[in-house]
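Sequence lines set the chain letters: A, B, ... in the order given, protein chains first and strands last, and positions in each chain run from 1.
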Amino acid sequence: MVKSPEKVEDDHAREAGKVLASRQRAERRASFEFRALSTLPAALFVVILIVLLVRAWPILQQKSLVGLLLGDVWRPSEGQFGFLPFIAGSLWVTVLAMIFAAPVSILCAIFLSEYARPTTKALIKPLIDILAAIPSVVYGLWGVLVIVPWVQQSVGPALGRWFPFLPLFNSSNPTGYSILSGALVLAVMVVPFIIAISYEVMRTVPRGYHEASLAVGATRWQTVRYVVFPRVAGGLIAGVVLGTSRAFGETMAVLMVVGNNPIIPHSIFDAAYPLTALIANNYGEMMSIPLYDSALLASALLLMLIVLLFNVFAALALRRATAREQA
Amino acid sequence: MSSGRTNSETKRITQQVGFGLLGFIATLTVLPIIVVVGYMIQKGAPAISWEFISGFPADGMRAGGILPAILGTLYLTLGTAVFSVPLGIGAAIYLAEYAPENGWTRAIRVAITNLAGIPSVVYGLFGLGIFVLFLKLGTSILAASLTLSIMTLPVIISTSEEALRAVPNSFRVVSTSLGATRWQTVRRIILPQSLPGIITGVILGLERAAGETAPILFTGAAFFLPNLPGSPLDATMALPYHLFVISTQVPGMPVQIQYGTALVLLSFVLVMNIIASVIRSRARARRLW
């Protein structure tokens, strides 16, 4: 039997309709699945916050927040949970590390992006990526074997002898496991990170700015100082803040060299006990002590909130910096 | 010019001094770090031998090899890949190709960015609470891999999204104008084109996971095990944790073994990094745009 032309057209149309419907179904399913896939990691962030909050809740309920944050006595077996020594320890190590690392990293990035030959750039850039990827325990080992003895035998005695009047350089801690050691190791770790970010920030300046500046007779140095630098200053600061947050949250390398003594330090040769080290060293031990588990989770929550604050600030500053460039 | 120097000469000298100083600082900053790494490689090299790579630790880790730690890190890296790669790439596809620019998408982005900023030790605590205790997986390869996956996800998502966005828009326009649906366009055109970039991002993410200690501290790493793990529910030794242990908690540890272990861990990371850059440069030479 031969189909009439109308029948054939009907068949074709039906066929096409089926194909279209199945395409649409596949399309909707793909869209839905991908949406679910992207919601999950985002939801994880919220879940982490909630889990920390719930498990830190018992101690937050029983102790006053001020008492926890400003208490300087840490004797869990007597029910005293003061976080101040740990907050102070984290701050000392981080700030000192950033003093070592931030200025040189930024200058290094400026040199790389504005002056270095293309071959130098092609060589240095991957190297910095590799340095940034080196596991923190490797830096920690170097700290234990090289930096700590150096601080103990050379730097400590020398600075104590030259500046006996500066309390910053005096300490009764003779071990070398100190804030200075922690900050040195940490500085070496964040340098590649800050260089990488600063380099990206430098690249947001359009070529046209350089060309315009050079065209009116400025030298490359003047171009960098008066045209490029003012444009990227905000972004560079944001990069440093990101580096600070990275340094603040760094755990293993610092923990290995910083001495881990819960006191409020007064000298760069004192031992300190950063928040991250508190968690890593103590979790799983002495869990029978009431509120101990909760106290450690509260310190994790505190750590996370501080780091978040840094990150949000950096993200806003970076966005403002890049938005101005695009405008 | 009363000083006898022309203006352009002064400018030239300022420039030379300025850039000279910058170059000096740059050298002083980067060189020592490279020296540190070179020093560790040089110190570790004599420890590397077939016995060291294929043997079990002996004499309280002070002798013998590190095979269980090497295998453990391989297992953990593979386990992390199983969970984080499909999820990460899927999320990146949504964000790059499907997501409308609205508040919801922005919220997701902010959450993912912040996920990337969480300190690694906090991931460890979270993994302990959720995977080890709540889901009762115990301290195991599975729990540690899941914890590392959460940490790796943001890296994979952001690098994959960047790779997807790098495919020129004309590819999408042409594909759609030929009658392909969006999903067909993604699967047949965009994904193949961005695959090298995505693989590079995945490797960089996994490389970070392989070197992390803090997240596996409470979730799956063991101090010492006489046997290799038999299932994903067993705990395992791992290179970074092993290095941590032998450099802080074992008195009288031979320095050579410490440097040797560090070198093996370093090579792990270096090899992954080199593979990533080879893929990247080959793809760059071959790409269509």
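At a 4.5 Å heavy-atom cutoff, B:Leu21 makes no contact with chain A through either its backbone or its side chain. B:Ser277 does not touch chain A: none of its heavy atoms, backbone or side chain, sits under 4.5 Å away. Contacts between B:Ala180 and chain A at a heavy-atom distance below 4.5 Å involve the backbone alone (N, CA, C, O). For B:Phe244, the parts lying under 4.5 angstrom from a heavy atom of chain A are both the backbone and the side chain. Using a 4.5 Å cut-off between heavy atoms, A:Arg55 contacts chain B through its side chain alone, with no backbone atom that close. Only the side chain of B:Ile157 has a heavy atom closer than 4.5 Å to any heavy atom of chain A. Within the 4.5 angstrom heavy-atom criterion, atoms from both the backbone and the side chain of B:Val121 approach chain A. Only the side chain of B:Ile130 has a heavy atom closer than 4.5 Å to any heavy atom of chain A. Proximity to chain A (any heavy atom under 4.5 Å) is restricted, for B:Leu153, to the side chain, taken from C-beta onward. For A:Leu131, the part lying near chain B is the side chain, with the backbone staying farther off; criterion is any non-hydrogen pair under 4.5 Å. Contact of B:Phe134 with chain A is not made at all, since no heavy-atom distance falls under 4.5 Å.
Minimum heavy-atom separation, B:Ile156 to B:Thr159: O-OG1, 3.3 Å. Minimum heavy-atom separation, B:Thr105 to B:Pro100: OG1-O, 2.6 Å. In terms of heavy-atom proximity, B:Ala210 sits nearest to B:Leu265 at O-CD1, 4.3 Å.
Under a cutoff of 6.0 Å and an axis angle of 45°, A:Arg246 and A:Phe193 form a cation-pi pair.
Dense packing is recorded around CD of A:Glu114, with more than 12 heavy atoms of other residues, nucleotides or ligands lying under 6.0 Å away.
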